[in-house]
Every structure is written in structure tokens, then in C-alpha cells.
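All values below come from the heavy atoms of this structure, side chains included, with hydrogens, waters and symmetry mates left out. Residue numbers run from 1 in the order of the sequence given.
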Amino acid sequence: MRFVIIGAGRVGFRTARVIANEGHDAVIIENDHDKVEKARAEGFEVIEGDGASEEVLVDAGLDDVDAVGALTGDLNVNFAACMVANAHGCRTVLRIDEDYRENIYRKYADEVDEIVYPERLGAIGAKNALLGGNVTAIADLAENLQVVQFTVTEDAPMQGYTVTELELPSGSRLLGFGKKDGALGLPLPDDTLEVGDRIAVLAEFDALDDVRQILVGEEPSRASGVN
């Protein structure tokens, strides 16, 4: 696949590296000369120019790419680039910073295919490192909504129960189930919860402690702070 990445800063450059390491092609657009030279030194195809310019985007082969990632630190540039990419039939990914209000997220979400919040994603990684053990935050979907993976322990009250018998608290929903050594997939009614099995749950923050108590068995006071 071929992608256009706008911005060779911390987020854009790392994204381009990941794409390249997975065997895809990435064209970077960047207007800072030093960053352009750095990216070229690592072997990337780079166009020096304004990522919000349709002319520059077309020069990057916009009509022949699978998606455009507008990943600069400037929301106006990112949004303008996504609108141009939309007009050319590309999938669009817009970077937005964490200091914007939730209503701004929703406004832009209607105009692009995907919004990414680098600061929030970084916070999830740090949070998982702090939590450790049997609780893994997968994604923050909103300010009060999170996808979390729990690993069943010997202390879990629901150990030995089937998925059908599993009763989660209000404000939560079962999304996926995986055996200890298997892949996470859709839960089946007869799946039995055993030690080491993994369960993905969509939950409001206020319900997470109760879900954890059911699936892991830890007291909220000992494992607070998922959200």
C-alpha cells in the first residue's frame, strides 16, 4: 500500500517508519528543511512544501495513494489536507491535540475517516505500564468511555462460568473473548471463563472497578486508576 504522511515531526516521522517497516510505501510532505533532510537521509521520499496545498498533495501522487495521514501539530493544516484528500477519494486520518474540547473532536470526526490523539495514545501506553498485571487499557473512545482487556485470575468470582452466565454491571458490554493461548475473537455462549483467558469490555469509567472485581477479583482500592 502507499500512503502520504504530512509532517515529519515526532508523530509523522514515527508513523512513516512503522509503515515502511511493514513493507508499505510512504511519501512524506514537510515544509521544514532540516526535517526534510533528516527524512531523506533515512531513505524516505520527501516533498518539501505546504501539506495544506492541493498542488503539493497532487505532486505527492494523491490520486494513487490509499490514505493520507495529516499528522502535523497544526490542526488547520491537517484539516485542510484532509479536505483536499477527501476530494480525491482518499481515506483520511486527522491528528488533533488533546487540549481541544470534545465537541471539537465530534465536529471534525464528521469530516474525516479517523481522528488520532497522539497524547491520549501515549497516555494509554504509560497507564498500561503502571497498571501491569491483569488489566490492559486498549482505547479511550471518549472522555468517559474505554475499551479494556481483563485477564481472568484464580480470584475472579466468575471463574468457571460461561459467557452466557457472565453478568456485567450497567454501563459495560462484552466485546471479545480469547482463551489463554488463543486469539481474541467474538465471544460464544458456551465459552467458559478460565484462569488466563482474556475478555475485552467496553465500559464507562464509573463501571470499570466493578467489572474488574468480577473478572479479576481485585478490590477497587488496590487497582484503581484504569481511567
Side-chain angles (χ1 to χ4, degrees), residues 1-125 137-143 145-147 175-176 184 200 202:
M1 300 178 72
R2 185 172 174 83
F3 304 93
V4 169
I5 302 297
I6 301 167
R10 173 178 53 87
V11 177
F13 198 34
R14 289 181 180 178
T15 302
R17 280 174 170 168
V18 171
I19 289 171
N21 288 339
E22 293 184 358
H24 304 296
D25 293 327
V27 180
I28 298 174
I29 298 176
E30 173 58 57
N31 61 3
D32 183 292
H33 183 71
D34 291 340
K35 292 178 180 178
V36 168
E37 292 302 310
K38 177 182 177 182
R40 284 176 175 164
E42 291 206 19
F44 285 102
E45 179 183 349
V46 187
I47 294 176
E48 187 169 355
D50 182 2
S53 165
E54 183 170 11
E55 181 179 356
V56 172
L57 286 163
V58 170
D59 286 344
L62 193 62
D63 292 322
D64 297 314
V65 302
D66 295 281
V68 172
L71 305 178
T72 78
D74 187 326
L75 178 59
N76 293 323
V77 170
N78 293 346
F79 186 69
C82 285
M83 293 304 94
V84 173
N86 271 337
H88 287 259
C90 297
R91 174 175 171 79
T92 53
V93 177
L94 172 75
R95 172 187 172 182
I96 192 168
D97 290 327
E98 189 65 19
D99 57 353
Y100 287 94
R101 299 185 304 274
E102 192 71 26
N103 63 323
I104 299 296
Y105 299 159
R106 292 194 294 269
K107 173 183 175 181
Y108 286 110
D110 292 336
E111 305 294 337
V112 300
D113 292 302
E114 197 78 37
I115 288 179
V116 294
Y117 318 87
E119 290 80 5
R120 181 175 289 183
L121 294 174
I124 289 175
I138 298 175
D140 287 340
L141 301 184
E143 290 187 358
L145 196 62
Q146 189 173 72
V147 178
L175 291 182
L184 201 67
L202 171 66

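The side-chain heavy atoms of Val68 and Asn86, taken from C-beta on, include no pair separated by under 4.5 Å.
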Test side chain to side chain contact (heavy atoms under 4.5 Å, CB included) applied to Val27 and Val65, step by step: CA-CA 9 Å; Val27 180; Val65 302; 5.8 Å; no
Evaluation steps, side chain to side chain contact (heavy atoms under 4.5 Å, CB included), between Val84 and Val58: CA-CA 9 Å; Val84 173; Val58 170; 5.9 Å; no
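Taking each heavy atom of Ile19 and Ala26 in turn, the nearest pair found is CG2-CB, 4.1 Å. Residues Ala81 and Ala70 come closest through the heavy atom pair CB-CB, 4.2 Å. Among all heavy-atom pairs drawn from Cys82 and Val112, the shortest one is CB-CG1, 3.7 Å. Shown here for Ala39 and Ile28, the closest heavy-atom pair between the two residues is CB-CD1, 4.1 Å. Here the shortest heavy-atom pairing between Val4 and Ile29 reads CG1-CD1, 3.8 Å. Looking at every heavy atom in both residues, Asn76 comes nearest to Asp74 through N-OD1, 2.9 Å.
Glu30 places a side-chain N or O within donor-acceptor distance of the main-chain N or O of Ala8, the cut-off being under 3.5 Å. With Asn78 contributing its side chain and Thr72 its backbone, the two residues share a donor-acceptor pair below 3.5 Å. In terms of modelled atom types and a separation under 3.5 Å, the side chain of His24 and the main chain of Met1 share a donor-acceptor contact. A donor-acceptor contact shorter than 3.5 Å links the side chain of Arg95 to the backbone of Leu71.
The CD atom of Glu111 sits 9.5 Å away from atom OG1 of Thr92, with the distance rounded to the nearest 0.5 Å. Here the CD1-CD distance, from Ile47 to Glu55, works out to 10.5 Å after rounding to the nearest 0.5 Å. Atom CG of Asp64 sits about 12.0 Å away from atom CG of Asp25, to the nearest 0.5 Å. The CG atom of Leu57 sits 12.0 Å away from the CE atom of Met83 when rounded to the nearest 0.5 Å. Summarising the geometry, atom NZ belonging to Lys38 is positioned 5.5 Å from atom CZ belonging to Phe13; distances are rounded to the nearest 0.5 Å. The structure places CZ of Arg40 at 8.0 Å from NE2 of His33, a figure rounded to the nearest 0.5 Å.
Within 6.0 Å of CZ in Arg2 there are more than 12 heavy atoms belonging to other residues, nucleotides or ligands.
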